[in-house]
Amino acid sequence: MYYLSKRIEISYAHRLNLNYESKCMRLHGHNAIITVYCCAPELDENGMVVDFTTIRQIVSEAFDHVCLNDLVSFNPTAENMAKFLCEKIPHCYKVSFRESEGNEALYVKDDFIGAPL
């Protein structure tokens, strides 16, 4: 099995829809660090699991310097964003979405729990 990870930094804005009062319900921004983990049993014809550029394009071009609420139909929490990105990126099995220092969500596909990286 081949494994890779790609770390990407983005800036974004969002507001959360919550069932309790919180300042996070107001529009605010973050400088996020997103780490994407992919794997495949075999490399493609280019000798890759997935091109790092492809990962960057999916994450940065879609979500850097935008308001997430304008792009997604769900509550854009770090947890939901980690799952969303994991499902969009080819061969991805895990995404870490750190929205700020000390606040990080991790999504791992069920069939990959315990995998390296």
Side-chain angles (χ1 to χ4, degrees):
M1 186 71 75
Y2 296 90
Y3 293 88
L4 65 82
S5 65
K6 173 74 174 157
R7 183 180 179 271
I8 303 161
E9 296 183 38
I10 65 167
S11 297
Y12 69 94
H14 71 162
R15 66 186 164 281
L16 299 181
N17 302 308
L18 304 170
N19 62 3
Y20 60 91
E21 285 299 315
S22 170
K23 63 183 179 180
C24 294
M25 295 171 73
R26 297 190 298 268
L27 185 64
H28 62 284
H30 294 284
N31 293 316
I33 298 172
I34 299 165
T35 306
V36 173
Y37 299 86
C38 300
C39 69
E42 301 292 329
L43 300 178
D44 68 13
E45 60 275 6
N46 297 307
M48 301 177 186
V49 172
V50 60
D51 192 318
F52 290 119
T53 302
T54 300
I55 298 170
R56 176 167 289 287
Q57 287 172 336
I58 291 170
V59 177
S60 293
E61 291 182 11
F63 298 107
D64 191 28
H65 286 82
V66 299
C67 178
L68 296 180
N69 299 82
D70 296 339
L71 299 176
V72 298
S73 60
F74 52 84
N75 199 17
T77 62
E79 296 89 341
N80 283 334
M81 291 305 300
K83 181 180 180 187
F84 179 77
L85 290 169
C86 192
E87 292 173 347
K88 276 185 81 77
I89 297 167
H91 304 290
C92 185
Y93 71 93
K94 179 167 71 171
V95 172
S96 164
F97 195 104
R98 188 175 118 186
E99 71 174 16
S100 59
E101 186 67 34
N103 295 328
E104 181 175 0
L106 183 67
Y107 177 80
V108 181
K109 288 184 178 178
D110 287 341
D111 48 337
F112 285 97
I113 292 175
L117 289 179

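Residue numbers run from 1 in the order of the sequence given.
Looking only at distances, no side-chain donor or acceptor of N75 sits under 3.5 Å from a matching main-chain atom of L16. Under a 3.5 Å cut-off, the side chain of K109 and the backbone N or O of C92 do form a donor-acceptor pair. With hydrogens and angles ignored, the 3.5 Å screen pairs no side-chain donor or acceptor of D44 with any backbone N or O of V49.
When side chains are defined from C-beta on, M81 does not count as touching H14, because their heavy atoms never get closer than 4.5 Å. In this structure the side chain of R15 reaches within 4.5 angstrom of the side chain of C67, judged on heavy atoms. Side-chain contact between I89 and V59: present, with at least one pair of heavy atoms (C-beta onward) separated by less than 4.5 Å. Taking 4.5 Å as the limit, every side-chain heavy atom of N31 sits out of range of all side-chain heavy atoms of E9. Counting heavy atoms from C-beta on, the side chains of K6 and R56 come closer than 4.5 Å. By the 4.5 Å heavy-atom criterion applied to side chains, L85 and V36 are not counted as neighbours. Y107 has its side chain out of reach of F97: every pair of non-hydrogen atoms, C-beta onward, lies at least 4.5 Å apart. Side chains of Y37 and V108 form no contact here, defined as non-hydrogen atoms less than 4.5 Å apart.
Linking Ile, Leu, Val, Met, Phe, Trp and Tyr whenever their side-chain heavy atoms come within less than 4.5 Å leaves L106 and I33 in two separate clusters. Under a hydrophobic-cluster definition in which Ile, Leu, Val, Met, Phe, Trp and Tyr are linked whenever side-chain heavy atoms come within less than 4.5 Å, directly or via other members, L27 and L68 are assigned to different clusters. Each of I8 and M48 belongs to its own hydrophobic cluster when Ile, Leu, Val, Met, Phe, Trp and Tyr are linked at side-chain heavy-atom distances under 4.5 angstrom.
Remark: K88 NZ to K83 NZ distance equals 14.5 Å, nearest 0.5 Å. Taking CD1 from I34 and OG from S60, the interatomic distance works out to 7.5 Å, rounded to the nearest 0.5 Å. The line from CD of E61 to CD1 of I10 is 12.5 Å long, rounded to the nearest 0.5 Å. Taking NE2 from H91 and OH from Y2, the interatomic distance works out to 13.0 Å, rounded to the nearest 0.5 Å.
Across M1 and A40, no two heavy atoms sit closer than the pair SD-C, 3.3 Å. The two atoms that bring C38 and V50 nearest to each other are SG-CG1, 3.8 Å, heavy atoms only. Shortest non-hydrogen contact noted between I58 and P90 is CD1-CD, 3.8 Å. When all heavy atoms of D64 and S11 are compared, the pair lying nearest together is OD1-N, 2.8 Å.
Taking the six-membered ring where tryptophan is involved, the planes of F63 and F84 are perpendicular, since the angle between them exceeds 60° and thus also 30°. H30 and Y12 have tilted rings, their planes meeting at an angle from 30° to 60° on a 0 to 90° scale.
By the 6.0 Å contact criterion, CZ on F74 is enclosed, its count of non-hydrogen atoms from other residues, nucleotides or ligands being greater than 12.
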